[in-house]
Peer 1: 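One structure coming up, written as structure tokens, with questions to follow.
Heavy-atom basis, side chains included; hydrogens, waters and symmetry copies ignored.
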Amino acid sequence: MPRRPKSRRPHGGDTFDRAPLGRVFSVRRETWRIDEDPRSTPPDVAIVASRRTAADAADLAREAAAAFRKRGFHKPSRSWWGVEDGWFHRFRVQGPTARTTAVAVALGVTAAAVFLVRRNRRRAPDED
């Protein structure tokens, strides 16, 4: 009987330990009092999980919000929320940002420049 291929989905049992590509999403919990405005008073932010796939992070955010009796999904902010004892909790999936991309590109350019400078120093003609 042929072997069944391994599932590649996070909830299918494969942990993706050997394939980190695409695991750039995190789940953030933003918490504030219901009577406060999060635009004027910054909420408390905690990272619930990081280095997840988009689907895994979305499932985790939904499960975190499911722990609350009053909960839901806010379409404009694309985040799950839960309310408990006068506190509002928003679970947001955070992907790569433009800043992260810019830092990665800058590091790559710097590494390439260092490599080229070192290579050219080794190939410099002897001055005798």
Peer 1: Side-chain contact test, heavy atoms from C-beta onward, threshold under 4.5 Å: evaluate it for F73 versus R62 and give yes or no.
Peer 2: no

Peer 1: Do F68 and W80 have side chains that approach each other closer than 4.5 Å (heavy atoms only, starting at C-beta)?
Peer 2: no

Peer 1: Please check: side-chain N/O of S40 versus main-chain N/O of D37, any donor-acceptor pairing under 3.5 Å?
Peer 2: yes

Peer 1: Let me confirm one number: the CH2-CG distance from W32 to D44, rounded to the nearest 0.5 Å.
Peer 2: 10.5 Å

Peer 1: Heavy atoms, side chains only, cut-off 4.5 Å: are E30 and R92 in contact?
Peer 2: yes

Peer 1: Nearest 0.5 angstrom please: R33 CZ to D85 CG, how far?
Peer 2: 9.0 Å

Peer 1: Any side-chain heavy-atom pair from V83 and I34 closer than 4.5 angstrom?
Peer 2: yes

Peer 1: Inspect the surroundings of CZ in R78 and state if more than 12 heavy atoms from other residues, nucleotides or ligands are less than 6.0 Å away.
Peer 2: no

Peer 1: Can you classify the ring geometry of W81 versus F88 as parallel (below 30°), tilted (30 to 60°) or perpendicular (above 60°)?
Peer 2: parallel

Peer 1: For the atom pair OG1 (T53) and CG (L60), what is the distance rounded to the nearest 0.5 Å?
Peer 2: 10.5 Å

Peer 1: Rounded to the nearest 0.5 Å, what's the gap from CD on E84 to NZ on K70? Could you check?
Peer 2: 11.5 Å

Peer 1: Considering all heavy atoms of both residues, which atom of P43 and which atom of P38 are nearest to each other, and what is their separation?
Peer 2: CD-O, 3.9 Å

Peer 1: Taking V48 as the starting point, is it possible to reach V93 by hopping between hydrophobic residues whose side chains are less than 4.5 Å apart?
Peer 2: no

Peer 1: Just jot down the side-chain hydrogen bond (donor to acceptor under 3.5 Å, both in side chains) partners of S79, sequence neighbours excluded, or say none.
Peer 2: S77

Peer 1: Could you give the distance from CD (Q94) to CD1 (I47), rounded to the nearest 0.5 Å?
Peer 2: 8.0 Å

Peer 1: If you look at every heavy atom in A57 and V27, which pair is closest and at what distance?
Peer 2: O-CG2, 3.3 Å

Peer 1: What heavy-atom pair brings S26 and S50 nearest, and what distance separates the two atoms?
Peer 2: CB-CA, 3.8 Å

Peer 1: Checking R71 now: which residues fulfil side-chain hydrogen bond (donor to acceptor under 3.5 Å, both in side chains) with it, not counting sequence neighbours?
Peer 2: none

Peer 1: Please list, chain by chain and in numerical order, all residues satisfying ring-ring contact (aromatic ring centres under 6.0 Å, His included) with F25, sequence neighbours excluded.
Peer 2: none

